[in-house]
Amino acid sequence: MLGNFTYCNPTKLYFGRGAVESLKEELQKYGDNVLLVYGGGSIRKNGIYDEVVAVLREAGKKVTEIPGVMPNPTIDKLREGIAIARDNKTDLILAVGGGSVIDYSKALSVSVNCHEDPWDKYFIRFEEPTCETLPVGAVLTMVGTGSEMNSGSVITNPEQKLKIGHVFQDEKIMPRFAILDPGYTLTLPRYQMVSGIYDIFNHICEQYFSGEDDNTSDYISEGLMRSVVHSSRIAVKDPQDYEARSNIMWTATWALNTLIAKGKSTDWMVHMLGQSAGACTNATHGMTLAAVSLPYYRHIMNDGLPKFARFAANVWDIPSEGKTEKEMAEAGLSAMESWMKELGLVMNLTDLGATEEMIPDMVKGTIVLDGGYRKLDGAEIEEIFRESL
Ligand code: NZQ
Ligand code: ZN
């Protein structure tokens, strides 16, 4: 490992069946006013709402709710929540849901005591909070984003056709605790389950496909990718397989909690392309990544051949005998493509509602990063979007 880094991750995890019981001991650490944030109603149907509210009542908390946080949460919904949180003098924000609900709660945390416009401050100027932030706790119900153990928050501005993520520097923005009960994910629709699985896999790729030094993070990444592929094959056949679903939940957390980024420059261009497509279509996050991944990776493959060949050997068990490095690299991407099709992922942007007319906005909304094997220019981004349609 050639890079220098700092590592600190303060999120306390409670993992396994019945983990919600541990919410009791966490609640003791905070004041009486709890702001319960959740999505469009799945937790009311599957009973998670009742279980969480029972623990809150037993702890004597005064509960205010923000329901209806939509997938790909919007800046308007954030503004609405800021007013509610201010009125209620919130002591703890309890996010019960997936990445959208947890990201929203973090955005709320940094905005409640801030009197500047949160969109401009955090998502355009990428500033850090200059006000007191509120603690966030999470009960995870949808697996994929890793939001339960990181400081990222992704907010969409539909008017500006922008979907932007801010990874806050301060560890205080990471959830203070996260309840991870794999049983809570068993009611997820198949579409969300497989979308989350690809999100996990791509988070690992985004960090793995960068750098040339011998780095422990890459070996951990390969192990995580192998585990995701193995468990996903079981889960698509039997979504109720607890063992597979629990491994998928645990790999999601480790795929994006800063560990495997250590010592790495990291790429993140699949996410930049996918998020821009998401801003124009409001499509499900993991599916936008699936749609742009192969055109992107095939575009940059020659710039990072040794790593793509290593990916083929160590993640997909492709024998190297008789193959050139380039043939190995191509075989690895083909193996990934077959696995993606096996999962039933959406493999193009057209099926997610994107059209040719949207391409200029999608190109404009793509943030260009340079930590991967190739820095893209506008023409290349346009080409990748065209190939993804
Ligand atoms: O809204 P409800 O009714 O709860 O339904 C949700 C939603 O429709 C449903 N769902 C969640 N748990 C369920 C369930 N349905 C049945 N049973 C359950 N147990 O699933 C749907 C999707 O939920 P959502 O939270 O939107 O999914 P996800 O976890 O994939 O989050 C997506 C958001 O996270 C951002 C994405 O860009 C997107 O905005 N990301 C956040 C990251 C981070 N914080 O680090 C990184 C990621 O790369 C990603 O960008
Ligand atoms: Zn993602």
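For ligands, and for the atoms within them, numbers begin at 1 and follow the listed sequence.
- A tilted orientation is assigned to the rings of H271 and H203, their planes being inclined by 30° to 60°.
- For atom 34 (O) of ligand 1, the nearest protein heavy atom (residue, atom name, distance) is T145 CG2, 3.4 Å.
- Near H271, with a cut-off below 4.0 Å to any heavy atom, the atoms of ligand 1 are 48 (O).
- Residue contacts with ligand 1 do not include G196, since none of its heavy atoms lies under 4.0 Å from the ligand.
- Taking 4.0 Å as the cut-off between side-chain N and carboxylate O, D361 and K161 count as a salt-bridged pair.
- Looking at G152 next to ligand 1, an N or O pair under 3.5 Å apart turns up.
- Side-chain atoms of I102 and L140, non-hydrogen and from C-beta on, do get closer than 4.5 Å to each other.
- Here N46 has side-chain heavy atoms under 4.0 Å from ligand 1, and that is the only part of it that gets that close.
- For atom 8 (O) of ligand 1, the closest heavy atom belonging to the protein is P71 CG, 3.7 Å.
- Listed for the S217 side chain is a donor-acceptor partner under 3.5 Å among the backbone atoms of K262.
- Judged by distance alone, the side chain of N314 and the main-chain N or O of E222 form no donor-acceptor pair under 3.5 Å.
- Using a 4.0 Å heavy-atom cutoff, H203 is listed among the residues neighbouring ligand 1.
- Side-chain rings of F168 and H166 approach one another, their centers coming within less than 6.0 Å.
- The distance cut-off of 2.8 Å around the Zn ion (ligand 2) captures these protein N, O or S atoms, sorted by chain and number: D199 OD1, H203 NE2, H271 NE2, H285 NE2.
- For atom 4 (O) of ligand 1, the closest non-hydrogen atom on the protein side is S42 OG, 2.7 Å.
- Of the heavy atoms in Y184, only backbone atoms (N, CA, C, O) come closer than 4.0 Å to ligand 1.
- A cation-pi arrangement, defined by a distance under 6.0 Å to the six-membered ring centre and an angle within 45 degrees of its axis, is absent between R79 and Y104.
- A distance-only check finds no donor-acceptor pair linking the side chain of Q192 to the backbone of M142 [under 3.5 Å].
- For ligand 1, the atoms sitting less than 4.0 Å from at least one non-hydrogen atom of S147 are 44 (N), numbered in the order shown with element in parentheses.
- The neighbour count for E243 CD, taken as heavy atoms of other residues, nucleotides or ligands under 6.0 Å away, does not exceed 12.
- Ring orientation note: the planes of F123 and W119 are close to parallel, at an angle under 30° on the 30°/60° scale.
- Ligand 1 has an N or O atom lying under 3.5 Å from an N or O atom of G41, backbone or side chain.
- Taking the ring centroids of F177 and Y14, they lie at or beyond the 6.0 Å cut-off.
- Regarding atom 17 (N) of ligand 1, its nearest protein heavy-atom neighbour is T187 OG1, 2.8 Å.
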Legend entry - From CA spacing to verdict: salt bridge (charged side-chain N to carboxylate O under 4.0 Å, His left out), E65, R44: CA-CA 13 Å; E65 297 190 6; R44 285 188 172 268; 3.6 Å; yes
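- Among all non-hydrogen protein atoms, the one lying nearest atom 32 (C) of ligand 1 is S100 OG, 3.5 Å.
- Heavy atoms of other residues, nucleotides or ligands lying less than 6.0 angstrom from NZ of K341 number 12 at most.
- Regarding atom 29 (O) of ligand 1, its nearest protein heavy-atom neighbour is G99 N, 2.7 Å.
- With contacts defined as side-chain heavy-atom distances shorter than 4.5 Å, the pair L94/L35 does not qualify.
- Under a 4.0 Å criterion applied to the non-hydrogen atoms of L256, ligand 1 contributes the atoms 45 (O), 46 (C).
- Only the side chain of N150 comes within 4.0 Å of ligand 1, counting heavy atoms alone; its backbone N, CA, C and O stay farther away.
- Atoms of ligand 1 lying under 4.0 Å from at least one heavy atom of K163, given by number and element, are 36 (C), 37 (O), 38 (C), 39 (O).
- Summarising the local packing, NZ of K172 is surrounded by 12 or fewer heavy atoms from other residues, nucleotides or ligands at distances under 6.0 Å.
- Closest to atom 22 (C) of ligand 1 among all protein heavy atoms lies Q192 OE1, 3.4 Å.
- The protein atom (non-hydrogen) at minimum distance from atom 38 (C) of ligand 1 is N72 OD1, 3.6 Å.
- Note: W339 and F201 have tilted aromatic rings, judged against thresholds of 30 and 60 degrees for the angle between ring planes.
- Atom CG of D50 is surrounded by more than 12 heavy atoms from other residues, nucleotides or ligands within 6.0 Å.
- Contacts between D103 and ligand 1, counted as non-hydrogen atom pairs separated by less than 4.0 Å, involve the side chain only.
- Ligand-side atoms of ligand 1 in range of P189: 15 (N), 16 (C), range being under 4.0 angstrom from any heavy atom.
- Heavy atoms of V167 found under 4.0 angstrom from ligand 1: none, in either backbone or side chain.
- With a heavy-atom cut-off of 4.0 Å, K45 does not touch ligand 1 at all.
- Annotation: G40 places an N or O atom under 3.5 Å from an N or O atom of ligand 1; distance criterion only.
- Which parts of ligand 1 touch Q275 is read off a 4.0 Å heavy-atom cut-off, strictly below it: atoms 50 (O).
- Nearest-heavy-atom check against atom 30 (O) of ligand 1 across M142, R44, H285 picks out M142.
- Heavy-atom separations between I43 and ligand 1 are all 4.0 Å or longer.
- Atom numbering of ligand 1 starts at 1 in the shown order; those under 4.0 Å from a heavy atom of T141 are 11 (C), 12 (N), 13 (C), 18 (C), 19 (N).
- More than 12 heavy atoms of other residues, nucleotides or ligands lie within 6.0 Å of CD in E128, so this atom counts as buried by the packing criterion.
- A continuous path of Ile, Leu, Val, Met, Phe, Trp and Tyr side chains, each step under 4.5 Å between heavy atoms, connects W268 with I384, placing both in one hydrophobic cluster.
- For the pair K307 and Y208, the cation-pi test (distance below 6.0 Å, angle within 45°) is passed.
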